[in-house]
Undergrad: 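The structure follows.
Heavy-atom basis, side chains included; hydrogens, waters and symmetry copies ignored.
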Amino acid sequence: MRLVPVRLSLALTLALTGVVMVPGTSIGETTKVKAAGSSGSYKWKPKARTIAAGDKVLWKNPTSTDHTITAYSSNWNEDVRLDPNQRLRLKFARAGTYLYRCKLHSTLNDGECSGMCGKVNVN
């Protein structure tokens, strides 16, 4: 039987442990966004998220009122109502900027959103 020197064995163990412990970005991660505020001052928190292609966004509505996730950019088409305590998870497969708003708590004039507006940047 061949014995591995202790120093080499220790170096290999540390190297392998380092590789396993280094965090990386994995496809399919989920990023969270939630409705926040109160009547007259609702917002998406955070307002903007940057994710990798293939990742998901999970919207949560912990408020006591309904909200929508309504697309207002040409690269996607969503219009989903979120009741109180409801969630929505969507996967973004392609790079781009995806604009959305709550059509109940925002206004849209000439492509400019005011109020409860958000965006997802996908790299």
Undergrad: Spell out, as yes or no, whether a donor-acceptor pair under 3.5 Å connects the side chain of Asp55 to the backbone of Glu29.
TA: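 It does hold such a pair.
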
Undergrad: Are the side chains of Val57 and Tyr98 in touch, meaning some heavy atoms are under 4.5 Å apart?
TA: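 Side chain of Val57 against side chain of Tyr98, heavy atoms only: no contact under 4.5 Å found.
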
Undergrad: Please determine whether side-chain contact (heavy atoms from CB on, under 4.5 Å) holds for the pair His67 and Tyr42, giving the CA-CA distance in whole Å, both sets of side-chain angles, and the decisive distance to 0.1 Å.
TA: CA-CA 9 Å; His67 297 289; Tyr42 287 112; 3.6 Å; yes

Undergrad: Out of curiosity, Arg101 CZ to Thr68 OG1, how far, rounded to the nearest 0.5 Å?
TA: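 It is 7.0 Å, given to the nearest 0.5 Å.
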
Undergrad: Has Asn61 got a side-chain atom pairing as donor or acceptor with Ala35's backbone, closer than 3.5 angstrom?
TA: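 Between the backbone of Ala35 and the side chain of Asn61 there is no qualifying donor-acceptor contact (under 3.5 Å).
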
Undergrad: Rounded to the nearest 0.5 Å, what's the gap from CZ on Arg87 to NZ on Lys60? Could you check?
TA: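 With rounding to 0.5 Å, CZ (Arg87) is 4.0 Å from NZ (Lys60).
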
Undergrad: Which residues end up grouped with Leu108 if you chain together Ile, Leu, Val, Met, Phe, Trp and Tyr wherever their side-chain heavy atoms are less than 4.5 Å apart?
TA: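 Joined to Leu108, directly or through intermediates: Tyr72, Leu99.
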
Undergrad: Looking at CG of Leu82 and CD1 of Ile69, how far apart are the two atoms once the value is rounded to the nearest 0.5 Å?
TA: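 Taking CG in Leu82 and CD1 in Ile69, the distance rounds to 4.0 Å.
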
Undergrad: Looking at Asn77, I want to see if its CG is surrounded by more than 12 non-hydrogen atoms of other residues, nucleotides or ligands under 6.0 Å.
TA: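 At most 12 heavy atoms, drawn from other residues, nucleotides or ligands, come within 6.0 Å of this atom.
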
Undergrad: Mind listing the closest non-hydrogen atom pair of Arg94 and Val122 along with its distance?
TA: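 Residues Arg94 and Val122, closest heavy atoms: O-CG1, 3.3 Å.
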
Undergrad: So which pairs with a foot in residues 39-114 pass disulfide bond (SG atoms under 2.5 Å apart), sequence neighbours left out?
TA: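 Passing the test, one end in residues 39-114: Cys113-Cys117.
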
Undergrad: Report the distance from atom CG of Asp83 to atom OG of Ser64, rounding to the nearest 0.5 Å.
TA: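 Asp83 atom CG to Ser64 atom OG measures 12.0 Å (nearest 0.5 Å).
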
Undergrad: Side-chain contact test, heavy atoms from C-beta onward, threshold under 4.5 Å: evaluate it for Met116 versus Leu104 and give yes or no.
TA: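 The answer is no, as the side chains (C-beta and beyond) never meet within the 4.5 Å cut-off.
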
Undergrad: Start with the C-alpha gap between Tyr100 and Leu90, add the side-chain angles, then the distance that decides, and say whether side-chain contact (heavy atoms from CB on, under 4.5 Å) holds.
TA: CA-CA 13 Å; Tyr100 64 93; Leu90 296 174; over 6 Å; no

Undergrad: Taking the side chain from Asn75 and the backbone from Thr97, do they hold a donor-acceptor pair closer than 3.5 Å?
TA: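 Yes, the answer is positive, given that a donor and an acceptor are paired below the 3.5 Å cut-off.
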
Undergrad: Atom CH2 of Trp76 and atom CZ of Phe92: how far apart are they, to the nearest 0.5 Å?
TA: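 Here the rounded value is 4.0 Å.
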
Undergrad: Over all heavy atoms of both residues, which pair between Asn85 and Pro62 is shortest? Give the atoms and the distance, please.
TA: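 Taking Asn85 first and Pro62 second, the nearest heavy atoms are OD1-CA, 4.2 Å.
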
Undergrad: I need the minimum non-hydrogen distance between Thr63 and Gly37, along with the two atoms involved.
TA: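 Of all heavy-atom pairs spanning Thr63 and Gly37, the closest is CG2-O, 4.5 Å.
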
Undergrad: Are Leu58 and Trp44 connected in a single hydrophobic cluster, I mean Ile/Leu/Val/Met/Phe/Trp/Tyr linked by side-chain heavy atoms less than 4.5 Å apart?
TA: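 In one cluster: no.
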
Undergrad: Rounded to the nearest 0.5 Å, what separates atom CD in Glu78 from atom OG in Ser73?
TA: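 Interatomic distance, Glu78 CD to Ser73 OG, rounded to 0.5 Å: 11.0 Å.
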
Undergrad: Would you say NZ of Lys32 has more than 12 non-hydrogen atoms from neighbouring residues, nucleotides or ligands within 6.0 angstrom?
TA: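 Open.
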
